[in-house]
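Chain A is the first sequence line, chain B the second, and so forth, proteins listed ahead of strands; every chain is numbered from 1. Bear in mind the structure is a predicted one, so any value in this text is a computation, not a measurement.
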Protein chains: 4
Amino acid sequence: MSPRRRDSEGTAAARAERRAELLATAAEIFASRGYAATTVREVADAAGMLGGSLYYHFDSKESMIDEILSTFLTDMWAAYDRVLGSGLGARETFQALITESFRTIDQYRPAVVIYQNESKHLVTNPRFSYLLDSQRRFREMWLSVLDRGVLDGAFRADLDTGLIYRFIRDTVWVAASWYRSDGPLSADEIARQYLVMILEGILST
Amino acid sequence: MSPRRRDSEGTAAARAERRAELLATAAEIFASRGYAATTVREVADAAGMLGGSLYYHFDSKESMIDEILSTFLTDMWAAYDRVLGSGLGARETFQALITESFRTIDQYRPAVVIYQNESKHLVTNPRFSYLLDSQRRFREMWLSVLDRGVLDGAFRADLDTGLIYRFIRDTVWVAASWYRSDGPLSADEIARQYLVMILEGILST
Amino acid sequence: MSPRRRDSEGTAAARAERRAELLATAAEIFASRGYAATTVREVADAAGMLGGSLYYHFDSKESMIDEILSTFLTDMWAAYDRVLGSGLGARETFQALITESFRTIDQYRPAVVIYQNESKHLVTNPRFSYLLDSQRRFREMWLSVLDRGVLDGAFRADLDTGLIYRFIRDTVWVAASWYRSDGPLSADEIARQYLVMILEGILST
Amino acid sequence: MSPRRRDSEGTAAARAERRAELLATAAEIFASRGYAATTVREVADAAGMLGGSLYYHFDSKESMIDEILSTFLTDMWAAYDRVLGSGLGARETFQALITESFRTIDQYRPAVVIYQNESKHLVTNPRFSYLLDSQRRFREMWLSVLDRGVLDGAFRADLDTGLIYRFIRDTVWVAASWYRSDGPLSADEIARQYLVMILEGILST
DNA sequence: TATGAATGAGCGTTCATTCAT
DNA sequence: TATGAATGAACGCTCATTCAT
């Protein structure tokens with residue numbers, strides 16, 4: 001046993017940790033430069049290794065973005081499911097989902113940015129069919145909340161719910177492109193103000 | 001008018017028309033596949049010619065996206081300037097700008113999508129410094145309208161105007177990614193409903 | 001008959017004149033930029049026409065350099081043959097050939113430069129086999145003059161004639177690369193001084 | 001010395017050796033076919049690899065010729081400086097410089113040929129400004145030796161020194177185009193005979 | 001675990017050439 | 001005679017990927 005073998009090094013846990021580090025590095029670069037425009041050498045450089053060495057950890061560049069996106073989506077849906085399972089009314093559900101979305105942005109900013117920028121192209125690849133599934137589920141979730149809210153009188157009925165859905169989806173998720181966790185406004189505070197704007201509008205009353 | 005004058009006029013016009021056709025083709029593909037991921041050969045294929053033949057019309061792939069973006073921005077700013085010069089109040093200006101933005105999306109959808117997806121990377125190239133200029137002017141325009149509206153009591157004062165600005169910018173422009181001119185809702189109708197949502201919110205009253 | 005048809009225009013003579021003009025233009029550019037590095041568009045530009053238009057006058061870029069080189073070589077050999085046929089002694093023949101060479105450089109500078117730079121590569125092409133022929137004849141001519149001179153005591157016998165031949169060939173023809181017909185020294189004056197150097201050396205006596 | 005030190009030293013040395021091999025291959029081809037007319041694939045073929053693989057070792061085709069030329073010039077100037085610093089008279093300096101030049105040709109034949117053929121075009125590129133510097137220094141060196149020799153009576157005064165300079169420069173360096181290290185005459189023997197011709201002329205006395 | 005060297009497909013671009021007008 | 005538009009082959013170069021060490 002060499003000294004390097006002590007602790008968890010060489011174990012599956014250490015391996016998983018290294019993967020997570022590398023994926024975090026890759027996500028940051030994919031998000032800022034774009035997936036297609038990022039070379040695996042750039043990722044490797046940032047991780048302090050040579051291009052070919054990344055292939056010890058990952059099958060391909062594609063498997064990196066795959067793991068980045070699926071990890072983030074799994075976690076996001078866990079959070080959404082917690083909200084959806086807690087028996088709230090339409091408006092409260094709406095508020096909780098928006099808040100949860102900004103928390104996801106806070107936690108997974110690079111992955112969210114990648115998701116926004118790349119999923120359109122990735123979706124044509126069967127490997128990423130889960131992106132389509134997620135998009136469909138996402139749409140159904142919001143439409144169901146909006147419909148419930150219109151029915152119970154919480155939300156106005158004179159608007160196209162499909163349009164409201166897109167309005168919310170876009171404004172919330174694109175925020176990932178400018179959000180900084182060390183910015184002047186916390187994720188929760190941004191969520192709060194966004195909720196005011198979406199629910200009540202920006203007109204003074 | 002000698003026949004030769006007519007010929008050369010027809011030729012120059014035909015040439016400009018061909019350029020416009022090719023740029024429209026390129027814009028459509030850049031928008032749907034992404035600029036970096038689009039090959040010159042794909043654009044040429046779609047235009048019914050070989051890769052190298054595009055270089056008879058354009059200096060480079062870069063000069064194509066340049067012309068696509070600068071044409072759209074020039075036109076968009078002409079429309080904005082018309083609104084800004086017409087002496088409207090803050091709220092009316094706000095409404096007119098939103099409406100004008102959706103008309104721009106209607107007319108320049110691929111260019112707007114490209115602008116959204118690529119300007120972040122393009123901006124590092126001095127050739128595209130006008131994108132930065134446009135972004136700055138755009139921000140100042142909206143902040144000025146919002147500030148005026150807050151001062152004269154039209155807009156609520158308890159929100160961060162910087163946040164409102166981003167909220168509006170994102171939600172309006174990202175709409176280009178799903179807007180179809182042959183969709184169920186016209187650009188003006190989408191603008192109208194977006195204005196309701198932004199100004200009054202989605203809560204029933 | 002249009003007015004443009006008067007004089008020799010449209011005739012074979014006019015055509016030949018135009019060819020000569022175009023070849024002079026091409027030769028100048030081939031000489032200064034190198035044949036491979038010169039595009040036919042550059043030649044056409046300099047001639048005030050479009051790239052494709054040159055093909056009305058010439059079959060190919062290759063046929064241009066072919067005509068440039070063969071014209072020059074034909075003329076040069078006519079001059080050499082005049083010297084060789086005039087029954088001079090070795091030393092006088094030597095002097096006359098050198099002088100004639102500098103006159104050729106004066107008259108055909110671009111062609112001589114092209115010949116120096118390109119014939120090595122051209123020679124592999126059967127079309128340019130006459131270049132090889134010329135080189136062989138050239139070598140034989142000089143070796144014969146040198147041998148005659150050694151035999152009759154004019155030239156020293158302690159040097160390798162093959163080396164003398166190369167020495168003279170190189171120094172004379174490379175002069176084309178810096179010679180200017182409007183320079184401070186005339187071709188005949190350069191020939192005179194070169195002859196002093198070659199025959200007597202640069203040492204003071 | 002740990003084994004790892006030895007490894008990495010061996011690796012660095014092996015790498016430098018491989019570069020040198022590849023550059024020797026490239027120089028040979030650049031010299032025989034011309035730089036512009038040589039494709040990267042041809043160089044790679046000759047080196048037993050694919051075109052793209054060369055880019056693991058070199059940044060660009062240009063950086064190859066750069067390294068070829070700068071290495072040769074550095075070495076040549078070191079040799080010249082040794083001669084210039086040894087306090088010889090004009091005539092002895094002259095002889096030593098010629099001899100050294102032929103030794104350089106012997107050692108760096110392909111590089112010298114490339115230098116002759118390509119520097120005119122390369123010089124327009126700021127990256128190769130050192131070629132211009134070298135040319136200027138070269139000219140000043142020879143003119144200074146010639147002037148010294150004329151002043152102290154070694155060289156004849158009735159010739160244009162600028163012309164002598166070109167005469168020598170051309171005849172010496174163009175020799176690289178036909179010199180073979182395995183030819184019948186050694187570099188030193190060629191230098192000796194050239195010196196006879198240049199200093200004393202070819203006339204028998 | 002990681003390196004270093006190479007692969008091979010494909011990219012943006014150039015250019016001699018063609019041809020209908 | 002010359003133009004304008006296009007062809008198609010080839011070029012320098014990039015990059016995800018492989019693999020012996």
Side-chain angles (χ1 to χ4, degrees), chain A residues 4 9-10 14-15 18 22 36-44 47-64, chain B residues 4 7-8 11-12 14-15 18-19 22 36-44 47-64, chain C residues 4 9-10 14-15 18 36-44 47-64, chain D residues 4 7-8 11-12 14-15 18 22 36-44 47-64:
Chain A
R4 297 185 57 228
E9 288 188 43
R15 190 162 175 170
R18 189 80 175 105
L22 293 171
T38 299
T39 70
V40 345
R41 223 189 191 107
E42 282 168 344
V43 174
M49 53 173 64
L50 290 180
S53 306
L54 270 180
Y55 287 80
Y56 177 81
H57 301 278
F58 302 98
D59 285 346
S60 63
K61 188 186 177 189
E62 199 178 75
S63 78
M64 292 186 220
Chain B
R4 295 185 61 214
D7 277 349
S8 79
T11 299
R15 191 165 179 161
R18 189 81 174 103
R19 275 181 85 83
L22 294 171
T38 299
T39 73
V40 164
R41 280 167 178 88
E42 282 168 345
V43 174
M49 54 172 64
L50 291 177
S53 305
L54 273 178
Y55 288 80
Y56 179 77
H57 301 278
F58 302 98
D59 284 345
S60 63
K61 187 187 176 187
E62 196 180 78
S63 79
M64 295 185 216
Chain C
R4 298 184 58 228
E9 290 190 42
R15 191 161 174 170
R18 189 82 176 104
T38 299
T39 70
V40 344
R41 221 188 192 107
E42 282 168 345
V43 174
M49 53 172 65
L50 291 180
S53 306
L54 271 180
Y55 286 80
Y56 177 81
H57 301 278
F58 302 98
D59 285 346
S60 64
K61 188 186 175 189
E62 198 180 75
S63 77
M64 293 184 220
Chain D
R4 295 187 59 216
D7 278 346
S8 78
T11 300
R15 190 164 180 162
R18 189 79 175 106
L22 294 170
T38 300
T39 72
V40 164
R41 279 167 178 87
E42 283 169 344
V43 174
M49 53 171 65
L50 290 177
S53 305
L54 272 179
Y55 289 82
Y56 179 77
H57 301 278
F58 303 98
D59 284 345
S60 63
K61 186 187 177 190
E62 198 179 78
S63 79
M64 293 184 218

Note: for A:Arg18 and D:Arg18 on DNA chain E, the residue whose nearest nucleotide lies more 5' is A:Arg18

From CD of B:Glu62 across to P of E:dT13 the rounded distance in Å is 8 Å

Output for pair (B:Arg15 CZ, B:Tyr56 OH), nearest 0.5 Å, gives 4.5 Å

Taken to the nearest 0.5 Å, the spacing of D:Arg41 CZ from D:Leu50 CG works out to 9.0 Å

Note: B:His57 and B:Arg19 closest approach over all heavy atoms is O-NH1, 2.8 Å

Pairing string of DNA chain E (Watson-Crick or G-U wobble, both atom distances under 3.5 Å; | = paired to other strand) is .||||||||||||||||||||

Rounding to 0.5 Å, atoms CG (D:Leu54) and OG (D:Ser60) come to a distance of 11.0 Å

Tabulate protein N/O versus nucleotide N/O from nucleotides 7-11 of chain F, keeping only pairs under 3.5 Å, one per line.
from	atom 1	to	atom 2	distance (Å)
F:dT7	OP2	B:Leu50	N	2.8
F:dT7	OP2	B:Ser53	OG	2.8
F:dA10	N6	B:Arg41	NH2	3.4

Between NE2 of C:His57 and C1' of E:dT17 the distance, given in whole Å, is 16 Å

In whole angstroms, the gap separating C1' of F:dT17 from CE of A:Met64 amounts to 11 Å

Rounded to whole Å, OH of C:Tyr55 lies from C1' of F:dG4 at a distance of 15 Å

Heavy-atom nearest pair, D:Lys61 first then D:Thr38, reads NZ-O, 2.9 Å

Exercise for review: May I have the step-by-step check of side chain to side chain contact (heavy atoms under 4.5 Å, CB included) for A:Phe58 and A:Val40, ending in yes or no?
Suggested key: CA-CA 11 Å; A:Phe58 302 98; A:Val40 345; over 6 Å; no

